[in-house]
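Just so it is clear, the values below take in all heavy atoms, side chains as well, and ignore hydrogens, waters and symmetry mates.
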Amino acid sequence: MNDHVRSGDDATADITGRDAGMAKRCYYEILEVERTASDGELKSAYRKLAMKWHPDRNPGDTTSEHRFKEISEAYDVLKDGDKRAAYDRFGHAAFEHGGPGTPGGFGNDFGSAFSDLFEGIFGMGGGGRGRTGRERGADLRYNMEISLEEAYSGKTAQVRIPTSVTCESCSGSGAKTGTRPKACPTCGGQGRVRHAQGFFTLERTCPGCQGRGQVIDSPCPSCSGSGRVTRERALSVNIPAGVEDGTRIRLASEGEAGVRGGPAGDLYIFLSLGSHQFFQREGADLHCRVPISMVTAALGGEFEVPTIDGNNSRVKVPEGTQSGRRFRLQSKGMPVLRSKQTGDMYVQVLVETPQKLTKRQRELLNEFERLSSKDTHPESAGFFGKVKEFLGRTGSA
């Protein structure tokens, strides 16, 4: 449905007319949804419109104030299955006797609609820290570098982390020995205070206790009332076989201790793999390059190559092998994390051109060149044949 925004004068007249008994707008029309809208569609529509027309976003605009009131009233009815059924059957007449749809009032459910809005906008419910004052500790990050061999076999690593732990002197309460926290006199231990503003009530974090619901008259001297102190902790970290660069390991409740006995946060170990002198990793596969002599490439042969498990594997080179050819060693790669599968290892041979030749070696190579034919070097013969043909066509020969 299209939303027609009226000027301030027209809106004021419209509000006055409704108070005088004019017909109320359809709740579905107000929320701009169809009558068949699901609960999720209703909630989404309410959040969108409530944010748009909230009085705090439109200070001094009577139109916004009325629209926000109207939107909240509609959502309060339609989000409740029983009320929605009654409204679908009887319309506004179902709430003419003091119900949530009466002009100027929202019944007892206005706060719940407002809570839905704030939960969607800020990701928070109505509970907050409540009466306990126990705040969850922060999550921690630890960067660890491991070798490719350690990633292959897995390991148990020992780490030392400076972090906040529960204060032993006060057992995390933050209060001096022999005393205890008491309920905040400002909010009565709720952690929240309410403030009436026009036709609705705002709920804010209590300024007296910062939402904890408790205050401490005699703080613990060891932790200054926070309930935690800084210590270095030693932890064992189990690194499974097959981890990759960037793998994150979560250690639940091994982060910072919570304030005043609150639950601890988590510790996240971020792994990075150091470079290897032989292998390059691609997923579960390993790659390496091996130089071979020109004679081995021409006549064929074999060589041994190390594998990541600490052993050797033999690679057979067929006669006439060209530089860059790859050989696959099945199941000689890395294990796949949380799986029984294993990757492969790929060996790429690079034919090495001989250097610092002796006089006799030069003579032998020259003789070999004289005895060579197109069949000896088919690729180069084919390439230069195409070059000659191309130059002949262009007249450059």
Side-chain angles (χ1 to χ4, degrees), residues 108 111-112 114-144 156-197 200-239 248-271:
N108 296 325
S112 63
F114 213 55
S115 175
D116 286 342
L117 170 63
F118 276 88
E119 182 180 358
I121 299 175
F122 303 108
M124 56 184 286
R129 282 175 284 202
R131 302 172 181 266
T132 64
R134 303 172 67 213
E135 299 176 38
R136 182 181 183 275
D139 293 335
L140 297 179
R141 171 175 178 153
Y142 184 89
N143 297 325
M144 178 187 297
T156 299
Q158 304 294 324
V159 297
R160 301 189 68 86
I161 301 175
T163 184
S164 296
V165 298
T166 300
C167 176
E168 296 179 356
S169 299
C170 63
S171 300
S173 70
K176 184 177 180 180
T177 304
T179 66
R180 64 175 59 184
K182 66 179 183 179
C184 173
T186 304
C187 63
Q190 295 294 324
R192 306 176 302 277
V193 292
R194 294 184 176 183
H195 173 68
Q197 182 174 333
F200 59 93
T201 301
L202 293 179
E203 193 174 77
R204 296 189 175 96
T205 300
C206 174
C209 62
Q210 288 74 51
R212 297 187 178 97
Q214 296 178 333
V215 293
I216 298 175
D217 291 334
S218 300
C220 170
S222 299
C223 63
S224 301
S226 68
R228 56 185 185 177
V229 293
T230 301
R231 294 283 188 272
E232 186 176 69
R233 298 176 60 203
L235 297 172
S236 293
V237 182
N238 180 37
I239 301 175
R248 185 183 72 173
I249 298 176
R250 172 177 172 262
L251 301 181
S253 302
E254 294 293 354
E256 283 193 349
V259 176
R260 298 182 185 175
D266 299 329
L267 171 64
Y268 291 91
I269 308 293
F270 283 78
L271 300 178

Arg160: what forms a side-chain hydrogen bond (donor to acceptor under 3.5 Å, both in side chains) with it, not counting sequence neighbours?
Glu232
For residues Ile239 and Met144, determine if any side-chain heavy atom of one lies less than 4.5 Å from a side-chain heavy atom of the other.
yes
State whether the number of non-hydrogen atoms from other residues, nucleotides or ligands found under 6.0 Å of Arg194 atom CZ is greater than 12.
no
Sub-4.5 Å side-chain heavy-atom contact between Gln158 and Ser236:
yes
State, to 0.1 Å, how close Thr179 and Ser218 come at their nearest heavy-atom pair, and which atoms those are.
OG1-O, 3.8 Å
By salt bridge (Lys or Arg N to Asp or Glu O under 4.0 Å) - contacts of Arg141 (at least two apart):
none
Could you measure the distance from the CZ atom of Arg192 to the SG atom of Cys184? Nearest 0.5 Å is fine.
12.0 Å
Closest contact, heavy atoms only, Arg250 versus Asp266
NE-OD2, 3.0 Å
Of all residues at least two apart in sequence or in a different chain, which pass the side-chain contact (heavy atoms from CB on, under 4.5 Å) check with Ala138?
Glu256
To the nearest 0.5 Å, how far apart are CD1 in Ile249 and OH in Tyr268?
12.5 Å
What closest approach, in Å, do Ser224 and Pro219 show between heavy atoms, and which atom pair accounts for it?
C-CB, 4.0 Å
To the nearest 0.5 Å, how far apart are CG in Leu251 and CG in Leu267?
5.0 Å
Please tabulate, for side-chain N and O atoms in residues 166-175, each donor-acceptor pair with protein atoms closer than 3.5 Å (sequence neighbours left out).
residue, atom, partner, partner atom, Å
Ser169, OG, Ser222, OG, 3.0
Ser173, OG, Cys170, O, 3.0
Ser173, OG, Ala175, N, 3.2

Qualifying salt bridge (Lys or Arg N to Asp or Glu O under 4.0 Å) pairs, either residue in residues 175-187, two or more places apart
Lys182-Asp217
For Gly137 and Arg228, the nearest pair of non-hydrogen atoms, with its separation, is CA-NH1, 4.3 Å
Test of understanding: with side-chain hydrogen bond (donor to acceptor under 3.5 Å, both in side chains), list the residues that count as partners of Thr156, not counting sequence neighbours.
none
Between Val165 and Val229, does a side-chain contact (heavy atoms from CB on, under 4.5 Å) hold up when you go through it step by step?
CA-CA 6 Å; Val165 298; Val229 293; 4.0 Å; yes
Is the backbone of Gly265 close enough, under 3.5 Å, to the side chain of Asp139 for a donor and an acceptor to pair up by distance?
no
For residues Gly208 and Val215, report the shortest heavy-atom separation together with the two atoms involved.
O-CG1, 4.1 Å
